[in-house]
Number of protein chains: 2
Amino acid sequence: MRKTSKLSEVAKIAGVSPITASRAIRGVGYVSESARARIMEAAAQLNYTPDMLARRMRGDKSNLIGVFVNNYGSLVLHEVTRAISTEARARGYDILLFNAERFDSPARAGTVDMLSKLCDGLLLVMPNGADGYLDVLEQHRMPCVLVHYDARPVNLPVMALENRNGARMAVEHLLALGHRRIAFLAGTSATGQSAEREKGYKDALRAAGIRADASLIVGGAFNQAAGHAAAQQLLALNRPPTAIFAANDEMAYGAIDAIHSRGMKVPGDISVIGFDDIPLSSHVFPPLTTMRQPLAELAARAVGDVVTMAQGGTVPPERVPFAMELVIRQSTGPAATAGAGQAADSAEPADGNV
Amino acid sequence: MRKTSKLSEVAKIAGVSPITASRAIRGVGYVSESARARIMEAAAQLNYTPDMLARRMRGDKSNLIGVFVNNYGSLVLHEVTRAISTEARARGYDILLFNAERFDSPARAGTVDMLSKLCDGLLLVMPNGADGYLDVLEQHRMPCVLVHYDARPVNLPVMALENRNGARMAVEHLLALGHRRIAFLAGTSATGQSAEREKGYKDALRAAGIRADASLIVGGAFNQAAGHAAAQQLLALNRPPTAIFAANDEMAYGAIDAIHSRGMKVPGDISVIGFDDIPLSSHVFPPLTTMRQPLAELAARAVGDVVTMAQGGTVPPERVPFAMELVIRQSTGPAATAGAGQAADSAEPADGNV
DNA sequence: TTGAAAGCGCTAACAA
DNA sequence: TTGTTAGCGCTTTCAA
């Protein structure tokens with residue numbers, strides 16, 4: 001029993017031809033009761049399972065949705081994937097997660113190609129706008145939806161956060177607290193999301209009559225280490241900011257660490273606001289004020305759309321925007337006096353987190 | 001160019017037979033220089049990529065390692081997967097992540113089967129000991145390694161944490177701080193890990209001459225919600241514990257929340273220690289004391305072993321143990337007085353987290 | 001140096 | 001109701 005049994009073996013035992021066995025097993029077409037019984041018994045005895053690879057090579061459905069990502073490490077990505085997975089299973093599809101780093105890299109080309117053949121549809125999560133694979137996909141008739149993408153237009157359905165508007169809301173929250181020197185911690189440029197968030201940041205400053213200060217925009221990657229490094233750089237300025245808007249929650253964590261390790265307090269000395277609202281943000285210290293993304297709705301729509309396409313339906317290649325919501329916790333507070341160079345007064349850590 | 005081009009098309013353009021084209025493209029066997037040149041040009045022109053599905057159906061390598069998991073949601077799992085991914089790529093393999101919930105569920109059977117055919121090797125992360133698929137794998141000659149599994153013996157290589165010993169160390173830390181009423185927050189029974197940790201918990205108590213109190217062992221799942229619920233139950237006891245050992249970090253977070261929302265302090269009123277040391281544990285409040293697992297080494301060994309098997313080597317079907325290390329942060333402190341029913345004195349929150 | 005035949009496991013289309 | 005033929009895209013004999 002070490003090797004998988006094949007249809008022809010089942011057929012031989014049942015004393016029929018392979019195609020008859022195939023029919024019986026799939027429950028398609030005419031098969032006499034007696035033959036069916038014999039076949040099913042033989043199949044059970046041999047522990048037969050159809051070879052989906054072979055089926056798929058013929059062009060049949062696999063009921064699999066490929067989720068292509070560029071970075072296993074990210075926590076937001078983890079949340080997005082989880083939401084997608086839940087949604088897909090609810091619709092009878094399973095998820096195959098593949099980390100390509102870059103879909104058009106020659107080393108992955110074959111695999112990417114194979115997986116797109118294997119899967120009924122594809123979800124590209126946070127794809128790199130510079131990735132040539134996007135163009136390939138436009139041309140293929142492969143059902144495909146982009147998620148968390150806000151870069152150059154692509155002729156495919158795109159689920160995008162309202163990055164610009166959300167960022168603007170975040171900065172407006174800071175402005176309302178009296179902050180004037182507000183820094184922006186930028187992420188990577190890959191998906192275009194960071195650039196949009198930066199635009200929103202500038203929108204808010206402009207509307208408040210504040211000139212953007214180039215030295216207050218730093219960053220480089222959507223992770224903790226980058227947030228930490230960027231915050232350190234900001235804290236070393238002659239006139240450090242009194243508030244920081246991080247392009248995502250993970251960067252915010254890093255910034256908070258950097259502030260703490262300088263002996264300063266959040267939000268007493270510096271306020272920090274993030275973006276995404278991953279579940280952990282209510283558990284870090286201090287609980288993070290951030291912009292929440294409607295993860296469940298976004299995943300539902302994304303999966304719904306690929307499934308529709310996979311089943312032959314049509315989905316317009318439009319950008320579908322999802323609104324962000326401000327979640328106020330305890331990492332933001334009123335602006336202190338002027339420059340927050342030295343540890344000033346400590347503020348209200350408030351009560352425990354839920 | 002919408003459909004993928006096939007070898008026969010390349011061959012036709014180059015004016016050779018498919019098999020010759022195949023040879024040229026794979027760089028195998030004799031092909032005249034002129035033919036080779038024509039073929040390569042045709043391939044480039046058609047943007048040809050070999051169909052790995054077809055190749056694989058003939059039994060060729062895919063350079064893919066399938067990682068089967070039961071639960072996308074878990075944070076530990078996320079860390080494990082990330083480590084595995086890094087390690088695999090370093091060895092020239094890519095990872096295909098599949099969430100089966102239960103590998104032997106009839107609904108997944110076909111997919112699981114196909115994926116095991118598709119991949120050169122399999123890594124089962126935190127598999128369910130009750131899963132019949134484990135038996136199937138024993139019989140297949142499929143290269144396969146279990147990771148984070150500590151249940152019934154299986155005739156396959158298993159990477160296992162020193163769950164029992166690690167748990168004992170955790171509880172000993174609590175004992176050394178003067179705690180006598182120590183609770184255990186159990187996880188799910190699926191992988192056997194929780195049961196082993198519970199044994200270690202009892203070992204430590206026994207060695208300290210303390211009788212285990214059944215009412216102090218509660219739990220049910222390896223997540224925050226379960227930790228929260230379990231802690232609430234403990235806090236409602238007539239004589240609540242002064243310290244809690246959670247079967248993993250996520251449960252510990254939940255427990256800390258429950259304690260906080262009762263208006264009590266950690267570790268002032270109750271100490272909490274976790275298990276795993278996921279990166280976030282140094283960022284929660286208070287920074288979590290926990291047992292660190294040697295993630296990188298474990299992943300390296302796991303991947304190394306499947307790869308060895310995939311390449312024809314042999315790996316003994318042994319349990320490979322990995323030692324845990326106590327990481328003391330700020331969620332554990334000296335036991336207060338007797339019963340910690342009411343909020344007693346607040347303790348040392350110490351300085352900021354790194 | 002090249003190609004024809006055969007087959008991986010399965011099933012649609014077309015007989016019988 | 002059952003079976004034969006043919007083919008998905010590729011590559012390993014074996015022969016030319």
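So that the names make sense, note that chain A is the first sequence line, chain B the second, and so on, each numbered from 1. For clarity, every value in this text was computed on a predicted model and none was experimentally measured.
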What's the closest nucleotide to the side chain of [X] if the choices are [options]?
X	options	result
Asp51(A)	dT2(D), dC10(C), dG9(D)	dC10(C)
Lys6(A)	dT2(D), dC8(C), dC10(D)	dC8(C)
Tyr48(B)	dC10(D), dG3(D), dG9(D)	dC10(D)
Asp60(B)	dT11(D), dC8(C), dC10(C)	dT11(D)

*Starting at the 5' end of DNA chain D and moving along, which residue's nearest nucleotide shows up first, Pro18(B) or Met57(A)?*
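Checking each residue's closest nucleotide, the 5'-ward one belongs to Met57(A).
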
Rounded to whole angstrom units, what separation is found between the [atom1] atom of [X] and the [atom2] atom of [N]?
X	N	atom1	atom2	value
Leu46(A)	dG9(C)	CG	C1'	14 Å
Met52(A)	dC8(C)	CE	C1'	17 Å
Met114(A)	dC8(D)	CE	P	20 Å
Asp113(A)	dG9(D)	CG	P	12 Å
Leu118(A)	dG9(C)	CG	P	17 Å
Lys61(A)	dA12(C)	NZ	P	14 Å
Leu53(B)	dG9(C)	CG	P	15 Å
Ile19(B)	dA16(D)	CD1	C1'	15 Å

Phosphate OP1/OP2 of [N]: any [X] side-chain N/O under 4.0 Å:
X	N	result
Ser8(A)	dG9(C)	no
Ser22(B)	dT11(D)	yes
Thr20(A)	dG3(D)	yes
Ser32(B)	dT2(C)	yes
Tyr30(A)	dG3(D)	no
Arg55(A)	dT11(C)	yes
Arg36(A)	dT2(D)	no

Inset, instruction - Please work out if Arg56(B) contacts a base, only the sugar-phosphate, or nothing of the nucleic acid, heavy-atom cut-off 4.0 Å. - result: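 Result for Arg56(B) = nothing.
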
Base, sugar-phosphate, or nothing: which does Val28(A) touch, judged by heavy atoms less than 4.0 Å apart?
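It contacts nothing in the nucleic acid.
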
Closest-nucleotide 5' rank along DNA chain C - winner of Leu7(A) and Arg23(A)
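This one resolves to Leu7(A).
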
What closest approach, in Å, do Val303(B) and Ala88(B) show between heavy atoms, and which atom pair accounts for it?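 Heavy atoms only, the tightest pair is CG1-CA, 3.8 Å.
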
Going by an N to O cut-off under 4.0 Å, is there a salt bridge joining [X] and [Y]?
X	Y	answer
Glu79(B)	Arg82(B)	yes
Arg301(B)	Glu297(B)	no
Arg108(A)	Asp94(B)	yes
Glu33(B)	Arg36(B)	yes
Arg152(A)	Asp131(A)	no

Original post:
What about Arg58(B), does its side chain sit under 3.5 Å from the base of dG9(C) through a donor-acceptor pair?
Top reply: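 Side chain to base: no pair present.
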
